[in-house]
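In what follows, a structure is listed as structure tokens, so that the remarks can point back to it.
For the numbers below, each heavy atom of this structure counts, side chains included, while hydrogens, waters and symmetry mates do not.
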Amino acid sequence: MKELILKIKRTIRFFFYRNLNINEQLDISKHLVDKNLLFLYWKMSKADRQHSYEVFIRTKKNSEDEDLLTLSLLHDIGKSKIDAGVLFRVLSDLGIIRNKKSRIYIGHESIGIEILKEHNIDKDFINYYNNNLLKQKNFILDKTDY
């Protein structure tokens, strides 16, 4: 039930996502100093960028770990491989839609690591992404990704 309420809240927020203001954009560019990471961030949809920035802000309140903060901004980069509207996302999350596109959406975290490799991102960060997002959800990121 708690997960369903979370999905409903996310769905409602999806309709109100906006473009990031200049201060938020500067905050992101100060943190993502690697141009490839910054490119990957801006390649995400507006909603995924806004959501990731919100996760970044909540994560900052709990940790100063630079890699974790980077991960918070990039945890949804795998979603950039598909164009999925809110209804498709919700129905996929609920398991109502089960096609190839839905599997890509659901497995976006695994796709994210492939994107990092394709863009020659530092191997240490790729390992961090793998260990803290794929093998086990990072405790702080898990608390802030809602």
Side-chain angles (χ1 to χ4, degrees), residues 1-94 101-146:
M1 183 62 138
K2 183 180 176 185
E3 189 174 324
L4 181 60
I5 292 170
L6 176 65
K7 289 184 189 315
I8 292 168
K9 286 181 180 180
R10 267 191 181 169
T11 302
I12 292 168
R13 283 198 344 251
F14 188 92
F15 292 110
F16 296 100
Y17 281 133
R18 58 179 171 69
N19 290 318
L20 296 165
N21 69 40
I22 190 68
N23 291 325
E24 293 165 333
Q25 292 177 41
L26 289 170
D27 195 20
I28 292 161
S29 64
K30 285 177 191 171
H31 187 78
L32 294 177
V33 293
D34 179 295
K35 67 178 182 172
N36 290 330
L37 291 177
L38 192 58
F39 170 79
L40 292 174
Y41 177 81
W42 287 107
K43 196 173 174 187
M44 291 190 295
S45 72
K46 177 175 72 171
D48 290 330
R49 287 191 308 262
Q50 178 67 40
H51 165 71
S52 294
Y53 183 73
E54 290 172 356
V55 172
F56 173 73
I57 293 302
R58 289 190 291 264
T59 301
K60 268 174 115 171
K61 293 176 183 175
N62 293 291
S63 175
E64 294 180 12
D65 181 321
E66 293 297 319
D67 286 333
L68 180 58
L69 292 171
T70 300
L71 183 61
S72 68
L73 286 169
L74 298 170
H75 73 279
D76 279 341
I77 60 170
K79 290 180 182 177
S80 65
K81 286 283 190 183
I82 60 167
D83 182 25
V86 66
L87 184 60
F88 176 84
R89 290 173 181 227
V90 170
L91 295 176
S92 293
D93 282 339
L94 295 174
K101 185 176 177 180
S102 176
R103 285 190 299 278
I104 291 170
Y105 171 74
I106 297 297
H108 71 274
E109 292 171 339
S110 297
I111 293 166
I113 201 163
E114 297 307 317
I115 292 171
L116 292 172
K117 290 175 183 176
E118 288 170 12
H119 286 85
N120 299 317
I121 302 302
D122 180 70
K123 288 183 183 9
D124 289 337
F125 182 72
I126 292 173
N127 288 335
Y128 187 86
Y129 182 101
N130 187 44
N131 291 331
N132 285 277
L133 195 60
L134 298 181
K135 289 185 178 173
Q136 61 179 11
K137 276 281 200 183
N138 181 285
F139 174 73
I140 293 173
L141 190 59
D142 198 39
K143 283 189 344 186
T144 59
D145 185 13
Y146 57 85

Distance in Å, [X] [atom1] paired with [Y] [atom2], rounded so as to fall on 0.5 Å steps:
{"X": "Asp67", "Y": "Asn132", "atom1": "CG", "atom2": "CG", "answer": "8.5 Å"}
{"X": "Leu37", "Y": "Leu71", "atom1": "CG", "atom2": "CG", "answer": "11.0 Å"}
{"X": "Asn130", "Y": "Ile113", "atom1": "CG", "atom2": "CD1", "answer": "4.0 Å"}
{"X": "Leu116", "Y": "Asn127", "atom1": "CG", "atom2": "CG", "answer": "10.5 Å"}
{"X": "Ile77", "Y": "Ile121", "atom1": "CD1", "atom2": "CD1", "answer": "7.5 Å"}
{"X": "Tyr53", "Y": "Met44", "atom1": "OH", "atom2": "CE", "answer": "13.0 Å"}

Original post:
Quick one: does Tyr129's side chain have a donor or acceptor within less than 3.5 Å of a partner on Glu109's backbone?
Top reply: yes
Subject >> Check: Arg89 main-chain N/O paired with Ser92 side-chain donor or acceptor under 3.5 Å >> reply: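 Looks like no, no N/O pair under 3.5 Å.
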Original post:
Who are the salt bridge (Lys or Arg N to Asp or Glu O under 4.0 Å) partners of Glu64, not counting sequence neighbours?
Top reply: none
Original post:
What residues form a salt bridge (Lys or Arg N to Asp or Glu O under 4.0 Å) with Arg49, not counting sequence neighbours?
Top reply: none
Heavy atoms only: give me the nearest [X]-[Y] pair and the separation to one decimal.
{"X": "Tyr41", "Y": "Gln50", "answer": "OH-N, 4.5 Å"}
{"X": "Asn21", "Y": "Asn23", "answer": "OD1-N, 3.0 Å"}
{"X": "Asp76", "Y": "Ser52", "answer": "CB-OG, 4.2 Å"}

Subject >> Partner residues of Ser80 under the side chain to side chain donor-acceptor pair (under 3.5 Å) criterion, sequence neighbours left out >> reply: none
Subject >> side chain to side chain donor-acceptor pair (under 3.5 Å) involving Ser45 - partner list, sequence neighbours excluded >> reply: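 Partners of Ser45 by the side chain to side chain donor-acceptor pair (under 3.5 Å) criterion, ordered by chain and then number, come out as Asp48.
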Original post:
How would you list all residue pairs meeting salt bridge (Lys or Arg N to Asp or Glu O under 4.0 Å) that involve residues 23-38, not counting sequence neighbours?
Top reply: Arg18-Glu24, Asp27-Lys60
Original post:
Under the salt bridge (Lys or Arg N to Asp or Glu O under 4.0 Å) rule, what pairs show up with a residue in residues 120-131, not counting sequence neighbours?
Top reply: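 Qualifying pairs, neighbours excluded: none.
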Checking [X] now: which residues fulfil side chain to side chain contact (heavy atoms under 4.5 Å, CB included) with it, not counting sequence neighbours?
{"X": "Leu94", "value": "Leu4, Lys7, Val90, Ile96"}
{"X": "Leu87", "value": "Leu91"}
{"X": "Ser63", "value": "Asp65, Leu68, Ile140"}
{"X": "Ile104", "value": "Ile82, Lys100, Ile111"}

**OP:** Using a cut-off of 6.0 Å, state whether more than 12 heavy atoms not belonging to Asp83 lie near its atom CG.
**Re:**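 12 or below, so no.
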**OP:** Output every pair passing ring pair (Phe, Tyr, Trp, His ring centres under 6.0 Å) with a member in residues 106-126, not counting sequence neighbours, ordered by first then second residue.
**Re:**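 Of all non-adjacent pairs touching residues 106-126, those that pass ring pair (Phe, Tyr, Trp, His ring centres under 6.0 Å) are Phe39-His119.
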Original post:
Got a salt bridge between Lys43 and Glu118, using NZ or NE/NH1/NH2 to carboxylate O under 4.0 Å?
Top reply: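 Answer for the salt bridge query: no.
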Original post:
With sequence neighbours excluded, what pairs up with His31 under the ring-ring contact (aromatic ring centres under 6.0 Å, His included) test?
Top reply: Phe56
**OP:** Report yes if some heavy atom in the side chain of Leu73 is under 4.5 Å from a heavy atom in the side chain of Val55; otherwise report no.
**Re:** no
Original post:
Passes side-chain contact (heavy atoms from CB on, under 4.5 Å), Leu20 versus Trp42? Steps please.
Top reply: CA-CA 11 Å; Leu20 296 165; Trp42 287 107; 4.0 Å; yes
